[in-house]
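Written out below as structure tokens is the structure these notes cover.
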Amino acid sequence: RTGDAALLTEVRNWADAHVNGVGSYATLDMMQPTIVLNDMYRETKDAKYGNAPRAVANRLEATYPKTSDGGFWHMSNLTGQLWGDGVFMDLPTYVAYGELFAHSKSVDVATDQLIIYDKHLVSGDLHKHNWTEGGDNQSCCVWCRAAGWYEMSILLVLDQTPPTHPNYAALVAIVQRLAKGVEATQDQATGRWWQVMDKPG
């Protein structure tokens, strides 16, 4: 967008140093940086930048641990835990890969994940930070950063989701509900939000 070759070189240098990804993708957090590789593929059409995003897709679709209803655990050693911020770490890069490499399954999986996470995290018009399968246990609080990561993720996934997709309307309804919760918890004095959104002060 800037047309500045120096900026592209800086990003390319980082991408080249990480072209093989980050380890075994044992956690969702390890997957997020591959979004830069998607960007480099979009800019250069060099196939090497597709390797790590493809590995993320393969991991999510084949071997990544899930709850009984299919939600991706936040980390492979945190049995049955869904964290609201986790969806930002894997889903935007996953659907970007799907768009670039004509892998339509990514939109199906990503939209399903957002719906599963919403089902378990929903608390009024917002989300609790996490949920653990087994006792249907939600965490105590609405953590602003996790809420923001989920909200960013759902908007980025919607950008790649055709309005005719079976999950599209459900995602729009989630966005509309969360927007009400965000509006209702805005601090009137500062226009900002508390880090623990449901416990002002």
Quick check: do [X] and [Y] have side-chain heavy atoms less than 4.5 Å from each other?
X: V95; Y: L91; value: no
X: L8; Y: M40; value: yes
X: V182; Y: L126; value: yes
X: Q138; Y: H129; value: no
X: P33; Y: H18; value: no
X: D16; Y: Y49; value: yes
X: H74; Y: D85; value: yes
X: V109; Y: F72; value: yes

>> Using the rule given for side chain to side chain contact (heavy atoms under 4.5 Å, CB included), can you reason through R12 versus T44, listing the C-alpha separation, both sets of side-chain angles and the distance that settles it, and then say yes or no?
In response: CA-CA 10 Å; R12 186 197 303 268; T44 67; 3.6 Å; yes
Is the side chain of [X] donor-acceptor paired with the backbone N or O of [Y] at a distance under 3.5 Å, no angle test?
X: W73; Y: K66; value: yes
X: S153; Y: V87; value: yes
X: K128; Y: C140; value: yes
X: Q186; Y: G181; value: no
X: T34; Y: L37; value: no
X: S123; Y: H127; value: no
X: R145; Y: W149; value: no

> Who are the side-chain hydrogen bond (donor to acceptor under 3.5 Å, both in side chains) partners of R177, not counting sequence neighbours?
Replying inline: D118
Treating Ile, Leu, Val, Met, Phe, Trp and Tyr as nodes and any side-chain heavy-atom pair under 4.5 angstrom as an edge, say whether [X] and [Y] lie in one connected cluster.
X: L171; Y: F88; result: yes
X: I115; Y: M89; result: yes
X: L114; Y: I35; result: no
X: Y94; Y: L158; result: yes
X: M152; Y: Y168; result: yes

>> As a quick check of understanding, evaluate side-chain hydrogen bond (donor to acceptor under 3.5 Å, both in side chains) for W83 and Q81, giving each step before the final call.
In response: CA-CA 6 Å; W83 294 15; Q81 290 190 21; 2.9 Å; yes
Please give me the minimum heavy-atom distance between [X] and [Y], naming the atom from each residue.
X: W193; Y: C144; value: CB-SG, 4.0 Å
X: T67; Y: G80; value: CG2-O, 4.0 Å
X: L28; Y: G86; value: CD1-O, 3.5 Å
X: G71; Y: Q113; value: CA-OE1, 3.5 Å
X: G84; Y: L121; value: CA-CD1, 3.6 Å
X: A52; Y: Y25; value: CB-OH, 3.4 Å

>> How long is the straight-line distance from NE2 of H120 back to OG1 of T132, given to the nearest 0.5 Å?
In response: 11.0 Å
> So how far is it from S106 OG to L100 CG, rounded to the nearest 0.5 Å?
Replying inline: 9.5 Å
> Within a radius of less than 6.0 Å around NZ of K48, do more than 12 heavy atoms belonging to other residues, nucleotides or ligands occur?
Replying inline: yes
>> Other residues, nucleotides and ligands only: do more than 12 of their heavy atoms fall within 6.0 Å of CD on E10?
In response: no
>> Any salt bridge linking D108 with K105? Criterion: basic side-chain nitrogen under 4.0 Å from a carboxylate oxygen.
In response: no
> Would you call R42-E99 a salt bridge at under 4.0 Å N-O?
Replying inline: yes
> Do H103 and E61 pass the side-chain hydrogen bond (donor to acceptor under 3.5 Å, both in side chains) test, and can you show the C-alpha distance, the side-chain angles, and the key distance before you say yes or no?
Replying inline: CA-CA 12 Å; H103 187 72; E61 293 169 12; 2.6 Å; yes
>> Taking the cut-offs as 6.0 angstrom to the six-membered ring centre and 45 degrees off its axis, would you call R54 and Y97 a cation-pi pair?
In response: no
> Relative to Y117, does K119 satisfy both conditions: NZ or CZ under 6.0 angstrom from the six-membered ring centre, and within 45 degrees of the ring's axis?
Replying inline: no
>> Consider side chain to side chain contact (heavy atoms under 4.5 Å, CB included). Of L178, I174, V175, L156, which one does E151 pass it with?
In response: L178
> When you look at T185 and D198, which way does the side-chain hydrogen bond (donor to acceptor under 3.5 Å, both in side chains) test go after all the steps?
Replying inline: CA-CA 7 Å; T185 54; D198 56 338; over 6 Å; no
> Where do T161 and T111 land on the side-chain hydrogen bond (donor to acceptor under 3.5 Å, both in side chains) test, with the steps shown first?
Replying inline: CA-CA 8 Å; T161 304; T111 56; 5.8 Å; no
> Is it the case that Q32 and T93 place a side-chain donor and acceptor less than 3.5 Å from each other?
Replying inline: no
>> Can a side-chain donor-acceptor contact be found between N51 and N20 if the only test is distance below 3.5 angstrom?
In response: no
